[in-house]
Amino acid sequence: KTHFDRRTFLSLASLATALSASAILLVQEGNGDRMLIYSTKIIEGISSSFIGPCVAALTLAQFGPARFDDVMAGNILWGHLGSIASALLAGLTGYYLYPDIK
């Protein structure tokens, strides 16, 4: 039994990952200071490393060991499909918004 609520821990890790990834919006063109990017990437890497184990713990607690493998396989499948969809959307957005980038 853990002392921390897994849902809260997952929410905090997800929030830290999203905020650190969004810090790219604060970088101005021509900015030579890369410490913001380096520090947010470190925060993003540390916080995102907790997401997988939290999802696995919540899945095990919710569905039990008998259905764990099937449910986790579905979670991983939908996670990969979401990554593919977001990569395609980002590529298409960049292609249409910035057609002259070489």
Side-chain angles (χ1 to χ4, degrees):
K1 192 90 174 159
T2 181
H3 293 97
F4 300 106
D5 182 29
R6 292 175 189 101
R7 292 170 296 196
T8 304
F9 205 66
L10 178 61
S11 298
L12 291 174
S14 299
L15 183 65
T17 302
L19 289 175
S20 64
S22 298
I24 192 72
L25 300 172
L26 301 175
V27 176
Q28 301 295 321
E29 185 176 341
N31 186 357
D33 183 23
R34 292 181 170 73
M35 281 312 293
L36 174 66
I37 298 299
Y38 295 153
S39 59
T40 57
K41 283 301 184 185
I42 291 170
I43 293 169
E44 184 179 345
I46 291 170
S47 60
S48 66
S49 69
F50 288 97
I51 293 175
C54 285
V55 169
L58 288 170
T59 302
L60 183 61
Q62 184 71 29
F63 297 101
R67 295 189 53 211
F68 177 76
D69 289 338
D70 292 334
V71 174
M72 277 303 291
N75 289 345
I76 292 169
L77 172 70
W78 286 106
H80 283 98
L81 291 175
S83 296
I84 291 169
S86 65
L88 287 172
L89 184 61
L92 289 172
T93 302
Y95 180 78
Y96 286 113
L97 290 179
Y98 304 102
D100 296 329
I101 292 180
K102 304 283 184 224

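Given the structure is predicted, the values throughout are model-derived calculations rather than measurements.
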A.B. asks: Please set out all donor-acceptor pairs under 3.5 angstrom arising from side-chain atoms of residues 77-85, sequence neighbours excluded.
C.D. replies:
unit_1, atom_1, unit_2, atom_2, d
His80, ND1, Ile76, O, 2.8
Ser83, OG, Gly79, O, 3.1

A.B. asks: How close do Ala16 and Ile43 get, counting heavy atoms only, and between which atoms?
C.D. replies: O-CG2, 4.4 Å

A.B. asks: Nearest heavy-atom pair of Ala23 and Leu36: which atoms, and what distance?
C.D. replies: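 Closest pair (atom of Ala23, atom of Leu36, distance): O-CD2, 3.9 Å.
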
A.B. asks: Give me the atom names and distance for the closest heavy-atom approach of Phe68 to Thr59.
C.D. replies: CD1-CG2, 4.0 Å

A.B. asks: Taking ILVMFWY side chains as joined if any heavy atoms are under 4.5 angstrom apart, and letting links pass through other members, which residues group with Leu15?
C.D. replies: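 The other cluster members (ILVMFWY side chains, heavy atoms under 4.5 Å, direct or chained) are Leu19.
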
A.B. asks: Kindly give the cluster partners of Phe63, where membership spreads through any ILVMFWY side chain lying under 4.5 Å from a current member.
C.D. replies: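 Besides Phe63, the hydrophobic cluster comprises Val71, listed by chain and residue number.
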
A.B. asks: Taking only residues at least two apart or on different chains, which pairs with a member in residues 44-73 satisfy salt bridge (charged side-chain N to carboxylate O under 4.0 Å, His left out)?
C.D. replies: Lys41-Glu44

A.B. asks: Work out which heavy atom in Ala13 is nearest to a heavy atom in Thr17; give both atom names and the distance.
C.D. replies: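 It is O-OG1, 2.8 Å.
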
A.B. asks: Please name all residues satisfying salt bridge (charged side-chain N to carboxylate O under 4.0 Å, His left out) with Arg7, sequence neighbours left out, ordered by chain then number.
C.D. replies: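 For Arg7 the salt bridge (charged side-chain N to carboxylate O under 4.0 Å, His left out) partners, ignoring immediate neighbours, are Asp5.
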
A.B. asks: Side-chain heavy atoms under 4.5 Å apart, restricted to Ile/Leu/Val/Met/Phe/Trp/Tyr: what other residues fall into the cluster of Ile42, or is it alone?
C.D. replies: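 So far as hydrophobic clustering goes, Ile42 is joined with Phe9, Ile46, Phe50.
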
